[in-house]
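Just so you know, these numbers come straight off a predicted model, no measurement behind them. Just the heavy atoms: all of them, side chains too, but no hydrogens, waters or symmetry mates, feed the values below. Whatever order the structure lists ligands and atoms in, that order sets their numbers, starting from 1. In what follows, residues are counted from 1 in the order of the sequence shown.
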Amino acid sequence: MNVDLLMNELIKKSAGETEYHQAVKEVLESIEEIYNDNPQFESAKIIERLVEPDRVLMFKVPWEDDQGKIHVNRGYRIQFNNAIGPYKGGLRFHPSVNLSILKFLGFEQIFKNSLTSLPMGGAKGGSDFNPKGKSDREVMRFCQAFMMELWHIIGPDTDVPAGDIGVGGREIGYLYGAYRKLARENTGVLTGKGINWGGSLIRPEATGFGVVYFAQEMLKTINQDLKGKKVAISGFGNVAWGAAQKVTELGGKVITISGPDGYVHDPEGISGEKIEYMLELRATNEDIVKPYAYEFEGVEFVQGKHPWEVPCDIALPCATQNELNKEDAEMLVKNGCLCVTEGANMPCTPEAIEVLQKNKVLFSPGKASNAGGVATSGLEMAQNSMKINWHSDEVDSRLHHIMTNIHENCVKYGTQPDGYVDYVKGANIAGFLKVANSMLDQGLY
Ligand code: NDP
Ligand code: 2IT
């Protein structure tokens, strides 16, 4: 394999898809050596087959707002690879959604799902629809129109969508209702379902919990733990909320959260009723964290900036892709940050990762550290198949075990001669090997 040649080909074929190119390049660089040491991969053209999605469905989503005005959005589902199990991955509703973003997410999902050890292939979908500021009925009409097209290609053993940015419990409810009506079946076709109709306990907080379990394992490698540590978190969504709760539970102090408007710095720690308030803030359907600063004393709101300038021991970027750049990484290093654990997908730019790794800051990529979300989706699928519900302790202990196992695999494949663990390399190699070997076993298709 020659990474430059492959990247040139890919860029020619998918011009302008910069996020997708970024995600592929990282994987290729990580696996280059192991790929070239195993000529069976090259002769089966595994990587050329992996970077081309199995299929992409792009469709029109017409819907009517509360004033009777018609809108047209674009919907997508990218079924990337199903060598190890049914296609699995979230749906993102955000105005920035385009083919490049969904291809990067779908590609990452192949390796993330492989790392979970559960039988799930990689997929992603979504729409450029913006749920912010829409009424519940508008969101419902949109979800119904979206599912009208999507239901043909999904199914409990075919493709199982879930949430992501802009798609939470409410959206999954409307999507599931529409699917059930169209397909005339009640199956585990979506995950993140409500607890009364097939959902799993712990799924809403699973991604954030998993991120913190993973950070805990990373810290152990340098004989540290979360107790008394200052933790900077970005975002105030699903992932950020679960992470804040678990950090607090394990004795750490969350000192920031952020939104597209800026960040809040709360030196006293964001815990208890303040986490409840964070959830209320989200439920308002507005795009801002600023009100938090008025609600509680001693809190500073900093407009238009990222939280990474606040001195912290641990940073958990939990908002969106490329939100932590080189300058942010330099600031974290300068302030003595020990560990950066990605909660979002690809929140650190390649230049930021380089700075962190050069300075031997512990760094883990989202595909390893945020895999707890999709892993718990896998557990939801298992419960649906067996038609039972596990107790929350059971789900939590399985999640914890899965995160520890992913960490072990990263250490196994990523430990460098000087003892520093390159989690990017470790995660990519471990995730890749399982999928590549499965593709070899199953022949050319
Ligand atoms: P939510 O919609 O719950 O929250 C997303 C957060 O990021 C919100 O605070 C949102 O603010 C902010 N945000 C979104 N887009 C932008 C942007 N362009 N610029 C700045 N801030 C932005 O999503 P999740 O918490 O579910 O997802 C967060 C990240 O975690 C994403 O990268 C997602 O792919 C990843 N992830 C999610 C999993 C899950 O199970 N939900 C699992 C694994 C990873 P606002 O809403 O106000 O725009
Ligand atoms: O990025 C992700 O892993 C998710 N949004 C969760 C996907 C899932 O199928 O639960």
Side-chain angles (χ1 to χ4, degrees), residues 19 85-97 101-102 104-113 115-116 118 120-126 130-133 159-172 188-193 199-200 202-211 233-244 257-263 278-279 281-290 304-307 316-324 342-348 365-381:
E19 292 87 357
Y87 299 107
K88 179 82 194 90
L91 296 171
R92 177 177 292 193
F93 291 170
H94 196 272
S96 64
V97 160
I101 289 179
L102 295 182
F104 116 65
L105 290 163
F107 183 71
E108 294 261 295
Q109 200 82 44
I110 304 171
F111 308 104
K112 184 195 302 193
N113 292 2
L115 285 169
T116 65
L118 302 173
M120 300 182 289
K124 200 83 188 189
N130 186 2
K132 293 278 162 209
D159 183 352
V160 184
D164 191 79
I165 291 179
V167 178
R170 173 183 60 170
E171 290 75 16
I172 294 292
V189 75
L190 288 150
T191 56
K193 296 186 290 296
S200 173
I202 307 282
R203 177 62 189 90
E205 50 275 72
T207 311
F209 278 18
V211 170
I233 294 184
S234 63
F236 66 115
N238 219 356
V239 180
W241 159 68
I257 52 170
S258 74
D261 54 332
Y263 73 86
M278 196 169 144
L279 285 174
L281 213 64
R282 266 181 61 65
T284 61
N285 239 3
E286 287 184 34
D287 223 3
I288 48 175
V289 285
K290 195 176 179 180
K305 288 206 155 179
H306 295 152
L316 307 178
C318 294
T320 194
Q321 64 274 356
N322 293 327
E323 54 154 317
L324 194 160
E342 289 189 339
N345 285 308
M346 211 168 74
C348 297
K367 65 168 75 73
S369 40
N370 73 29
V374 73
T376 308
S377 281
L379 299 177
E380 182 173 330
M381 288 162 73

S.K.: Taking E171 for the side chain and G163 for the main chain, is one N or O donor matched with an acceptor at less than 3.5 Å?
M.R.: no
S.K.: Can you see which heavy atom on A162 is nearest to which on K88, and at what distance?
M.R.: CB-NZ, 3.5 Å
S.K.: Looking only at atom types and distance, does a side-chain atom of T207 sit under 3.5 Å from a main-chain N or O of G372, one as donor and one as acceptor?
M.R.: no
S.K.: Given K124, E108, R203, K88, identify the one with the heavy atom nearest to atom 6 (C) of ligand 2.
M.R.: R203
S.K.: Tell me the nearest of R203, E108, K132 to atom 40 (O) of ligand 1, using heavy-atom distances.
M.R.: R203
S.K.: Where on N345 is there a heavy atom closer than 4.0 Å to ligand 2, on the side chain, on the backbone, on both, or on neither?
M.R.: side chain
S.K.: Tell me which protein heavy atom sits closest to atom 26 (O) of ligand 1, plus the residue, atom name and distance to 0.1 Å.
M.R.: N238 CB, 3.4 Å
S.K.: Would you mind listing which atoms of ligand 1 come within a distance below 4.0 Å of any non-hydrogen atom of G235?
M.R.: 9 (O)
S.K.: For T376 versus A206, what's the shortest heavy-atom pair and its separation?
M.R.: OG1-CB, 3.2 Å
S.K.: Which atoms of ligand 1 have any heavy atom of R92 under 4.0 Å away?
M.R.: 31 (C), 32 (O), 33 (C), 34 (O)
S.K.: For residues L102 and K124, report the shortest heavy-atom separation together with the two atoms involved.
M.R.: O-CB, 3.7 Å
S.K.: Could you tell me which non-hydrogen atom of G262 sits nearest to which non-hydrogen atom of V289, and how far apart they are?
M.R.: O-CG2, 3.5 Å
S.K.: Only one of Q321, E19, K367, K112 passes side chain to side chain donor-acceptor pair (under 3.5 Å) with N345; say which it is.
M.R.: K112
S.K.: Hey, looking at atom 42 (C) of ligand 1, which of V374, T191, V167, T207 has the closest heavy atom?
M.R.: T207
S.K.: Heavy-atom distance under 4.5 Å between the side chains of H306 and Y263, does that happen here?
M.R.: no
S.K.: Can you report which non-hydrogen protein atom sits closest to atom 18 (N) of ligand 1, along with the distance?
M.R.: H94 CE1, 3.8 Å
S.K.: Apply side chain to side chain contact (heavy atoms under 4.5 Å, CB included) to residues V160 and T191 and explain how you reach the verdict.
M.R.: CA-CA 7 Å; V160 184; T191 56; 4.0 Å; yes
S.K.: Students should be able to answer this: which protein heavy-atom is nearest to atom 4 (O) of ligand 1, and at what distance?
M.R.: G237 CA, 3.4 Å
S.K.: What protein heavy atom sits nearest atom 47 (O) of ligand 1, and how far off is it?
M.R.: D287 OD1, 2.3 Å
S.K.: If you measure every N or O of A240 against every N or O of ligand 1, does any of those distances drop under 3.5 Å?
M.R.: no
S.K.: Find all atoms of ligand 2 within a distance of less than 4.0 Å from any non-hydrogen atom belonging to Q109, and give their numbers and elements.
M.R.: 1 (O), 2 (C), 3 (O)
S.K.: What atoms of ligand 1 come within less than 4.0 Å of a heavy atom belonging to D164?
M.R.: 26 (O), 33 (C), 34 (O), 36 (N), 37 (C)
S.K.: Would you indicate whether the side-chain heavy atoms of C348 and E342 approach each other to under 4.5 Å?
M.R.: yes
S.K.: Considering non-hydrogen atoms of the protein only, which is the closest contact for atom 7 (C) of ligand 2, and what is the distance?
M.R.: G90 N, 3.6 Å
S.K.: For ligand 1, which atoms sit closer than 4.0 Å to a heavy atom of C318?
M.R.: 28 (C), 29 (C)
S.K.: Nearest to atom 10 (O) of ligand 2, what protein heavy atom do you find, and at what distance?
M.R.: S377 OG, 2.5 Å
S.K.: What is the nearest protein non-hydrogen atom to atom 32 (O) of ligand 1, stated with its residue, atom name and distance?
M.R.: N345 N, 3.1 Å
S.K.: Which heavy-atom pair separates I233 from A240 by the least distance, and what is that distance?
M.R.: CG2-CB, 3.8 Å
S.K.: Tell me the protein heavy atom at minimum distance from atom 31 (C) of ligand 1, and give that distance in Å.
M.R.: A319 O, 3.4 Å
S.K.: Considering only heavy atoms, does N370 approach ligand 1 within less than 4.0 Å through its side chain, its backbone, both, or neither?
M.R.: both
S.K.: Please confirm whether P260 comes within less than 3.5 Å of ligand 1 when only nitrogen or oxygen atoms on both sides are compared.
M.R.: no
S.K.: Closest non-hydrogen protein atom to atom 3 (O) of ligand 2, residue and atom name please, with distance?
M.R.: K112 NZ, 2.7 Å
S.K.: What heavy-atom pair brings G343 and V211 nearest, and what distance separates the two atoms?
M.R.: CA-CG2, 3.7 Å
S.K.: Could you identify the single nearest non-hydrogen protein atom to atom 37 (C) of ligand 1 and state the distance to 0.1 Å?
M.R.: V239 CG2, 3.5 Å
S.K.: Under the side chain to side chain contact (heavy atoms under 4.5 Å, CB included) criterion, do V239 and N370 qualify, and how do the steps go?
M.R.: CA-CA 9 Å; V239 180; N370 73 29; 5.6 Å; no
S.K.: Judged by non-hydrogen atoms, does G166 sit under 4.0 Å from ligand 1?
M.R.: yes
S.K.: For atom 23 (O) of ligand 1, which protein heavy atom lies nearest, and how many Å away is it?
M.R.: I165 CA, 3.3 Å
S.K.: So, do R92 and I101 sit near enough that their side-chain heavy atoms are less than 4.5 Å apart?
M.R.: yes
S.K.: Quick one: does any side-chain atom of D159 pair with a main-chain N or O of A123 as donor and acceptor, under 3.5 Å?
M.R.: no
S.K.: Write out the residue and atom name of the closest protein heavy atom to atom 8 (C) of ligand 2, then the distance separating them to 0.1 Å.
M.R.: A162 CB, 3.4 Å
S.K.: So is G163 polar-close to ligand 2, meaning N/O to N/O under 3.5 Å?
M.R.: yes
